[in-house]
Asks: 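After the structure tokens below, expect a handful of questions from me.
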Amino acid sequence: MQLNKRRRLRELKGRHTVANRPRRRQFKTRKVIKIEGSVLAAGKKAPNFSLNSTPDQKVSLNDFRGQPVILAFYPADWSPVCTDQLSLYAEVMPEFKKFNAELLAISVDNIWSHLAFAKDRKLNFPVLADFEPKGVVSRKYGAYEEKIGESARALFVIDATGVVRWSHLSPDGVNPGADGILSALENLNKARATEQS
Amino acid sequence: MATVTRKRETGKTLLEPARKETVKTYEPPRLAVPVTPERDHIEGPVNATLTLVQYGDYQCPYCGAAYGEVKKVQKELGSKLCFAFRNFPLTNMHEFAMSAAETAEAAAAQGKFWEMHDFLYEHQDTLGDDSKALGYAKKLGLDAQRFEREIAQHIHQKRIKEDFNGGVRSGVNGTPTFYVNGFRHDGEAVSKALLKALSTRW
């Protein structure tokens with residue numbers, strides 16, 4: 001086979017046309033995107049925290065013991081699209097509520113930015129400021145981008161006893177959506193159902 | 001003639017991650033609800049090799065921009081492409097999104113989905129004014145009374161909510177979200193990027 005190919009090429013020598021040029025087999029491969037770093041894995045106890053939700057009120061993770069909690073770390077308020085991650089979660093909130101889950105969004109922006117952002121996007125869940133000391137809570141969850149100084153796009157589903165049951169780190173620039181969260185919440189329900197039976 | 005065994009030059013292969021414990025490969029979410037001709041609004045042959053599904057909101061400006069890009073992709077690929085549109089109204093942010101979706105579905109019930117879909121995207125600034133869509137419906141020859149009644153009684157809202165939930169399950173993360181051959185397209189919503197994604201088999 002190789003021999004014939006070389007013979008054919010010799011014949012074509014000097015008479016290369018676009019139609020006659022030797023072709024190399026094209027292997028179409030899957031594009032691979034790698035995610036560097038890791039977030040707090042499932043099975044670990046979720047570190048408690050206490051962050052401002054308004055200038056004079058704080059919210060702690062332990063406040064929600066007894067119900068599932070979704071933590072959504074995100075880089076910054078005011079990303080210039082009308083369809084950002086948190087607006088999506090506001091739309092999907094009725095689905096989260098079916099599982100009696102609470103959603104807490106966290107970024108390193110200050111509380112005034114959060115208040116204005118939440119009002120503008122009509123967010124129906126607390127948006128917490130991991131502002132001072134900067135990124136401490138994000139770091140505890142493995143969700144802090146040191147080089148940029150912002151939280152990574154990381155999601156966690158924590159069960160009613162305060163244990164992480166699902167976590168996900170989204171690659172740069174990719175909005176993770178809500179499907180992973182909903183699947184994790186369903187799995188929580190299934191696990192609880194099998195425990196009780 | 002001695003044969004020389006040369007290694008065939010393959011394309012880029014999957015690399016083993018250097019630090020297995022921290023480097024993971026990422027795969028975008030799959031479309032959870034397959035395209036079916038009974039339910040979906042489809043342009044192009046159902047059994048085409050390439051499929052493009054869009055989850056869109058009629059009031060979203062980015063979807064308005066993507067409308068033209070999809071037309072370019074369709075023009076380029078012709079009958080090789082099966083394109084389906086599904087509703088994903090962001091009702092929190094876009095007050096007319098749901099009624100626009102209902103308008104399009106009411107037209108679909110009388111067999112004129114794509115005409116109304118195109119009209120809505122070409123006239124996004126008139127979305128608050130029902131009379132414009134009604135006028136166009138009459139021009140299309142639709143039964144105006146039935147059209148208005150179905151919108152007023154929210155007959156099609158259930159279908160739109162099903163589209164929305166199917167989208168959430170598929171990992172829709174905003175509008176427009178495209179699914180290229182069953183996988184979410186995380187690139188730009190421009191014809192060049194969509195064409196490139198469509199031609200790269202996953």
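Because only heavy atoms are used, hydrogens play no part in the values below, and waters and symmetry mates are left out as well, while side chains stay in. Each chain gets a letter, A, B and so on, in the order the sequences are listed, and its residues count up from 1.
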Asks: Does K192(B) have more than 12 heavy atoms from other residues, nucleotides or ligands lying within 6.0 Å of its NZ?
Replies: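 Count not over threshold, so no.
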Asks: Would one find more than 12 heavy atoms of other residues, nucleotides or ligands at under 6.0 Å from atom NZ of K80(B)?
Replies: no
Asks: Report the distance from atom CG of N124(A) to atom CG of N92(B), rounding to the nearest 0.5 Å.
Replies: 6.0 Å
Asks: Show the numbers, then the answer: is there a side-chain contact (heavy atoms from CB on, under 4.5 Å) between V168(B) and D179(A)?
Replies: CA-CA 6 Å; V168(B) 171; D179(A) 56 319; 5.7 Å; no
Asks: Are there over 12 heavy-atom neighbours, none belonging to K45(A), within less than 6.0 Å of that residue's NZ?
Replies: yes
Asks: Quick one: pull up CG in L90(B) and NZ in K122(A) and give me the separation to the nearest 0.5 Å.
Replies: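 These two atoms lie 11.5 Å from each other.
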Asks: For N173(B), is there any backbone N or O sitting under 3.5 Å from a side-chain donor or acceptor partner on Q85(A)?
Replies: no
Asks: CG/D186(B) to CG/N175(A) distance, rounded to the nearest 0.5 angstrom?
Replies: 9.0 Å
Asks: Could you check if a side-chain atom of F164(B) sits within less than 4.5 angstrom of a side-chain atom of E91(A), using non-hydrogen atoms only?
Replies: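 The answer is yes; the side chains approach within 4.5 Å.
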Asks: Would you find more than 12 non-hydrogen atoms of other residues, nucleotides or ligands less than 6.0 Å from E146(A) atom CD?
Replies: yes
Asks: Atom CZ in R121(A), atom CE in M93(B): separation rounded to 0.5 Å?
Replies: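 The CE atom of M93(B) is 7.0 Å from CZ of R121(A), to the nearest 0.5 Å.
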Asks: Examine whether an atom of N165(B) lies under 4.5 Å from a heavy atom of chain A, and if so say whether it belongs to the side chain, the backbone or both; otherwise answer neither.
Replies: side chain
Asks: Minimum heavy-atom separation for R184(B) to V174(A), with atom names?
Replies: NH2-CG1, 3.2 Å
Asks: Of the backbone (N, CA, C, O) and the side chain (C-beta and beyond), which part of T177(B) lies under 4.5 Å from a heavy atom of chain A, both, or neither?
Replies: neither
Asks: Between R169(B) and E186(A), does the salt bridge (Lys or Arg N to Asp or Glu O under 4.0 Å) criterion hold? Intermediate values first, please.
Replies: CA-CA 12 Å; R169(B) 288 295 173 164; E186(A) 274 173 354; 2.8 Å; yes
